[in-house]
Amino acid sequence: MRARGRARLIGGMSVRFHLAAAIDAGLRQAAATAGFEPALFAPDVRVAAAQHGDYQANGVLAFAKQTKQNPRAAAQALVAALPADIAALADVAIAGPGFLNFTLKPAALEAWLAAHGTPEALAAAAAAGSPVSGQTWVVDYSSPNTAKQMHVGHLRSAVIGEAVARIAAFGGARVIRDNHIGDWGTSFGKIIWAYKQALATDRAALEAALAATPLEEFERLYKVGNTAADADPAVLEASRAELVKLQSGDPENTAIWRRIGEVSVDAFQKIYDLLGIHFDHTLGESFYNDKVGRVYEELVGCGVAEESQGALVVFHDENPRYSRHAERPNPFIVRKADGAANYASTDLATILYRSEHFKADASLYVVDKRQGDHFEQLFLTAKKWFEKSGRPLMRLEHLGFGTVLGEDGRPLKTRSGENIKLKDLLQEAVDRARRLVDEKSGELPEAERAAIAEVVGVGSVQYADLSQNRSSDYTFSWDKMISLEGNTAAYLLYAVARVRSIFRKLGLQPGDAASEVGAAPLETAPELALARKLVQFADAQGAAVATLRPHVLCLYLYELAGAFSAFYTADKVAVDDPAVRARRVRLCARTLLVLETGLQLLGLRTLARM
RNA sequence: GCUCCUGUAGCACAAUGGAUAGUGCAUCGGUCUCCGAAGCCGGUGAUGUGGGUUCGAUUCCCGCCGGGAGCACCA
């Protein structure tokens, strides 16, 4: 069997993208040679702390423990049996109780840099042999409700979802981006009622408002309808009647509803454009409206669902939380007592559609973690349903994220207690970035400063969100976010701009092979540290795909930018010695390549100047 | 009440059971006649608490204390 991963031949030397995987394979081979029981030995290769080398393998300790051997003796036996390609790749040392430390040889670093010199080479290497390669993944994110402006609560799903989608696609998956908008439900009866009232009262004013700020106007109409329905049972009844007409296909109500959807999606797209988001599909709840009947039939038919208090529900007796025997039973309600569908109904229909129509291998839901119970019940239900109906079940995963909090530790709101509109938040970020750009780079033309401010401002919002573990609550702070210092978008973008500046000054194109010809071997400590960090892109990328946590990629890019900045300060690129210059040009070009690739995976744009 | 999540320096974060717990902000001190100082180099400072499992625990298990969230027809 061929080794996993793509190997490129450079000067007869095979170059692996994932060097950790190469070391893992080499250790397994050595273990076989040394007579270790394969089932008991897992190398456990990981990126090491810098003082220990580049990679460390911790698996000897567990192996020695299980087989009652001296761990250092086992480590020595393993090292002695290491295949030649690993010995050529790295220096190996046994440390502490039995850790194996691998320090990549400069020639191995140079070969990796030479082999991964273009965006195409990097992407091909990352996708080849990836565990997700060739799979179809649906990423379900953003998912706002129509007739409402997106607010700060919608930020994380959009930003994290886009990053996850890009990371998965770079890892070789065929990614389908699906915006599961909330475009169906009782609220539309109220909007239609209010719309018709406004039409009868002052048609011109209504049309003017809808022409100027259509989404805001529908949002206002919803509030009018909602307030009126709360105050007056007759209005509530009238709204219900409008909803029934809509659901039975009444042409007028359907036209109003369509218009609501269109203006909403148009407004959303303006924000998506800023965030670099483009959906393949916008299949909202209404799309599944005619697909829930089949779900009910099947669930009842295969004995998963049952009637309870008039509703169609699913209990999960094996789980104390969702068991019918619980103190306060909390079943999964798949059809309401009034016969109407709910969130659960359409989500089940959605799973079926993604299975049958998209042939999806995975469906990832980037949704607030507070909906964790819903997804747990949804997945349990889908599992039983698909098992009983003999269908293979795709991987279902809820990528939950925490709440955006203000600096007071409460969910982020405006001073008056309103939700902050996403549009306003992004504009504020751009405005703040603009002030910084004017201060730092006042010499640049007005139009360029505006463009820079947009990239820095929006990128700062994205990066601040992505750079911490998504499942934690996220404390929002303007000052920290737009800050120039620390682990921020500005720091990474600044590193990119400085690399680009070097190439401008030298009159070279980044990645132009001719500029790297005759490169001398890497020599200085900052050069080696930068090269090592570049090689670790493979590890960061692999970890990002495996964990679907973009912050591991953020952390890596920050460290890479730091390694570059240290190198930049210590070692001048524009030196006379052509061999030294060539090797430093190559380091700069790869830094640029990896930084830009990584930032793109996060959904950020980059700048040549800032 | 039940359940889930969570507690790491003044603040914000990191650490698939591994080595001396990393980083940023703040703070203190260096550093621009030299490719961009939005930078670089250095100092100070932390695992809520009590047990347990383990060669090894921020990580796993149990208790306690603190914070957040969810719990029948909303999404």
Side-chain angles (χ1 to χ4, degrees), chain A residues 44 46 48-49 51-52 56 58 61-62 64-65 71 95-99 101 143 145 182 185-187 285 308-313 319-322 326-338 340-344 346-347 367-374 376 400 402-403 405 407 409-411 436-437 439-441 456 464 467-469 471-475 477 479-480 483-488 490-491 493-495 497-506 526 543 546-547 551-552 554-555 558-559 561-562 564-575 584 588 609-610:
Chain A
D44 190 15
R46 64 183 73 187
Q51 71 268 28
H52 299 130
Q56 63 181 66
N58 300 341
L61 286 165
K65 173 73 179 168
F99 298 111
N101 290 335
S143 309
N145 293 325
T186 53
S187 62
E285 285 159 6
S308 173
Q309 298 177 25
L312 189 64
V313 307
N319 184 322
R321 296 164 65 194
Y322 310 122
E327 210 172 317
R328 285 172 56 181
N330 179 27
F332 194 50
I333 298 167
V334 299
R335 188 181 62 207
K336 300 198 285 181
D338 65 4
N342 65 3
Y343 193 36
T346 51
D347 272 351
V367 180
D368 193 315
K369 71 177 178 187
R370 285 175 294 193
Q371 292 187 33
D373 283 1
H374 166 78
E376 196 175 356
T403 310
L405 304 175
E407 288 176 84
R410 309 294 309 166
L436 281 170
V437 174
E439 178 193 327
K440 299 282 182 185
S441 307
V456 173
S467 60
Q468 72 175 267
N469 196 332
S471 50
S472 313
D473 285 346
Y474 157 48
T475 305
S477 161
D479 292 338
K480 284 173 183 153
S483 166
L484 311 173
E485 293 141 19
N487 187 2
T488 61
Y491 182 81
L493 293 173
Y494 183 68
R498 287 213 297 189
V499 184
R500 289 236 171 244
S501 174
I502 292 170
F503 283 99
R504 271 198 306 275
K505 291 258 160 57
L506 294 176
T547 64
H551 82 283
V552 302
C554 291
L555 184 63
Y558 175 62
E559 289 171 354
F564 170 75
S565 295
F567 157 77
Y568 179 90
T569 303
D571 294 332
K572 194 172 164 88
V573 178
V575 293
R584 291 183 180 166
C588 289
R609 292 196 295 188
M610 63 186 280

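Sequence lines set the chain letters: A, B, ... in the order given, protein chains first and strands last, and positions in each chain run from 1.
Without hydrogens or angle criteria, A/Ser501 side chain to A/Ala497 main chain gives no donor-acceptor distance under 3.5 Å. Side chain of A/Ser471 to main chain of A/Gly400: no donor-acceptor pair is present (N/O by atom type, distance under 3.5 Å, no hydrogens or angles). A donor-acceptor pair under 3.5 Å is absent between the side-chain atoms of A/Arg500 and the main chain of A/Arg609, judged by distance alone. Between the side chain of A/Asn330 and the backbone N or O of A/Tyr322, no donor-acceptor pair lies under 3.5 Å.
Considering only heavy atoms from C-beta on, A/Pro97 comes within 4.5 Å of A/Leu61 through its side chain. Considering only heavy atoms from C-beta on, A/Phe567 comes within 4.5 Å of A/Cys588 through its side chain. The shortest distance between side-chain heavy atoms of A/Glu376 and A/Asn319 falls below 4.5 Å. Contact annotation: the side chain of A/Tyr568 never approaches that of A/Val573 to less than 4.5 Å [non-hydrogen atoms, C-beta and beyond].
Between the CD atom of A/Glu285 and the P atom of B/A75 there is a distance of 7 Å, given to the nearest Å. Atom-to-atom, OH of A/Tyr343 to C1' of B/G70 comes out at 14 Å; the value is rounded to the nearest Å. One interatomic measurement links the two molecules: CD of A/Glu439 to P of B/A38, which rounds to 10 Å at whole-angstrom precision. As rounded to whole Å, 14 Å separates atom P of B/C74 from atom CG of A/Asn330. Between the C1' atom of B/A75 and the CD atom of A/Gln371 lies a distance of 6 Å, rounded to the nearest Å. A/Leu405 has its CG atom 12 Å from the C1' atom of B/U6, to the nearest Å.
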Item to complete: For side-chain contact (heavy atoms from CB on, under 4.5 Å), just list the numbers for A/Leu436 and A/Val456, CA-CA rounded to whole Å, side-chain angles, deciding distance to a tenth of an Å, and then say yes or no.
Response: CA-CA 10 Å; A/Leu436 281 170; A/Val456 173; over 6 Å; no
What are the atom names and distances for every N/O pair under 3.5 Å that joins the protein to nucleotides 17-24 of chain B?
{"unit_1": "B/G18", "atom_1": "OP2", "unit_2": "A/Arg46", "atom_2": "NH1", "d": "2.7"}
{"unit_1": "B/G18", "atom_1": "OP2", "unit_2": "A/Arg46", "atom_2": "NH2", "d": "3.3"}
{"unit_1": "B/A19", "atom_1": "N7", "unit_2": "A/Gln56", "atom_2": "OE1", "d": "3.4"}
{"unit_1": "B/A19", "atom_1": "N6", "unit_2": "A/Gln56", "atom_2": "OE1", "d": "3.3"}
{"unit_1": "B/A19", "atom_1": "N6", "unit_2": "A/Asn101", "atom_2": "OD1", "d": "2.4"}
{"unit_1": "B/A19", "atom_1": "N6", "unit_2": "A/Asn101", "atom_2": "ND2", "d": "3.4"}
{"unit_1": "B/A19", "atom_1": "N1", "unit_2": "A/Asn101", "atom_2": "ND2", "d": "3.1"}

What pairs of nitrogen or oxygen atoms, one from the protein and one from nucleotides 31-36 of chain B, lie under 3.5 Å apart?
{"unit_1": "B/C34", "atom_1": "O2'", "unit_2": "A/Lys572", "atom_2": "NZ", "d": "3.1"}
{"unit_1": "B/C35", "atom_1": "O4'", "unit_2": "A/Lys572", "atom_2": "NZ", "d": "3.4"}
{"unit_1": "B/C35", "atom_1": "O3'", "unit_2": "A/Lys505", "atom_2": "NZ", "d": "3.3"}
{"unit_1": "B/C35", "atom_1": "O2", "unit_2": "A/Val573", "atom_2": "N", "d": "3.4"}
{"unit_1": "B/C35", "atom_1": "O2", "unit_2": "A/Ala574", "atom_2": "N", "d": "3.1"}
{"unit_1": "B/C35", "atom_1": "N3", "unit_2": "A/Val573", "atom_2": "N", "d": "2.8"}
{"unit_1": "B/C35", "atom_1": "N4", "unit_2": "A/Tyr568", "atom_2": "O", "d": "2.5"}
{"unit_1": "B/C35", "atom_1": "N4", "unit_2": "A/Asp571", "atom_2": "O", "d": "2.7"}
{"unit_1": "B/G36", "atom_1": "OP1", "unit_2": "A/Ser501", "atom_2": "OG", "d": "2.9"}
{"unit_1": "B/G36", "atom_1": "OP2", "unit_2": "A/Lys505", "atom_2": "NZ", "d": "2.3"}
{"unit_1": "B/G36", "atom_1": "O5'", "unit_2": "A/Tyr568", "atom_2": "OH", "d": "3.3"}
{"unit_1": "B/G36", "atom_1": "O2'", "unit_2": "A/Tyr494", "atom_2": "OH", "d": "2.9"}
{"unit_1": "B/G36", "atom_1": "O2'", "unit_2": "A/Arg498", "atom_2": "NH1", "d": "3.2"}
{"unit_1": "B/G36", "atom_1": "N7", "unit_2": "A/Ser501", "atom_2": "OG", "d": "3.2"}
{"unit_1": "B/G36", "atom_1": "O6", "unit_2": "A/Met610", "atom_2": "N", "d": "3.4"}
{"unit_1": "B/G36", "atom_1": "N1", "unit_2": "A/Met610", "atom_2": "O", "d": "3.1"}
{"unit_1": "B/G36", "atom_1": "N2", "unit_2": "A/Met610", "atom_2": "O", "d": "3.3"}

Collect all protein-nucleotide pairs involving nucleotides 1-5 of chain B in which both atoms are nitrogen or oxygen and the distance is under 3.5 Å.
{"unit_1": "B/G1", "atom_1": "N2", "unit_2": "A/Arg328", "atom_2": "NH1", "d": "3.1"}
{"unit_1": "B/U3", "atom_1": "O2'", "unit_2": "A/Arg321", "atom_2": "NE", "d": "2.7"}

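Taking only side-chain nitrogens and oxygens, A/Thr475 comes nearer than 4.0 Å to OP1 or OP2 of B/C13.
Residue A/Gln51 places its CD atom among more than 12 non-hydrogen atoms of other residues, nucleotides or ligands, all under 6.0 Å distant.
Remark: the separation of the P atoms in B/A14 and B/G48 is 15 Å, to the nearest Å. Between B/C65 and B/C25, the two C1' atoms lie 29 Å apart (nearest whole Å). Comparing the P positions of B/U49 and B/C11 gives a spacing of 15 Å, expressed to the nearest Å. Nucleotides B/C13 and B/G68, compared at atom P, are 15 Å apart to the nearest Å. Taking the P atoms as reference points, B/C40 lies 16 Å from B/C32, given to the whole Å. The gap from the C1' atom of B/G24 to that of B/C64 amounts to 34 Å, rounded to the nearest Å. B/C34 and B/G17 have their C1' atoms separated by 49 Å, with the value rounded to a whole Å. One C1' atom belongs to B/A46, the other to B/A26, and the distance between them is 15 Å to the nearest Å.
Base-pairing analysis of RNA chain B finds the following stems of at least three consecutive Watson-Crick or G-U pairs, with both pairing distances under 3.5 Å: B:1-7 with B:65-71, B:10-13 with B:22-25, B:27-31 with B:39-43, B:48-52 with B:60-64.
Mapping A/Ala490 and A/His551 onto RNA chain B by nearest heavy atom places A/His551 closer to the 5' end of the strand.
To the nearest 0.5 Å, the span separating OG1 on A/Thr475 from CD on A/Gln468 amounts to 7.0 Å. From A/Arg584, atom CZ reaches atom CG of A/Leu506 across 12.5 Å, with rounding to the nearest 0.5 Å.
No hydrogens or angles were tested; on distance alone, nothing pairs the side chain of A/Thr403 with the base of B/A69 as donor and acceptor under 3.5 Å.
A/Asp473 comes within contact range of the sugar-phosphate backbone alone, with a heavy-atom separation under 4.0 Å but no base atom that close. Residue contacts for A/Gln309: at a heavy-atom cut-off of 4.0 Å it reaches a base atom on one of the strands shown. Using a 4.0 Å heavy-atom distance criterion, A/Ala566 is classed as a sugar-phosphate-only contact. Across all strands, A/Val456 comes closer than 4.0 Å to no nucleic acid atom at all (heavy-atom distances).
Listed nucleotides B/A14, B/A72, B/C41 differ in distance to A/Asn469; the shortest reach to its side chain belongs to B/A14. In the set B/C74, B/C40, B/A72, the nucleotide with an atom closest to the side chain of A/Lys336 is B/C74.
A/Phe332 meets the ring pair (Phe, Tyr, Trp, His ring centres under 6.0 Å) test with A/His374; sequence neighbours excluded. Checked against ring pair (Phe, Tyr, Trp, His ring centres under 6.0 Å), A/Tyr558 has the following partners two or more places apart in sequence or in another chain: A/Tyr491.
Taking the O4'-C1'-N9-C4 or O4'-C1'-N1-C2 dihedral as appropriate, B/C32 has a value within 90° of 0 and is therefore syn.
Geometric assessment of A/Arg498 against the ring of A/Phe564 yields a negative cation-pi assignment under the 6.0 Å and 45° thresholds.
Here the closest heavy-atom approach between residue A/Thr403 and residue A/Asp473 is recorded as N-OD1, 2.8 Å.
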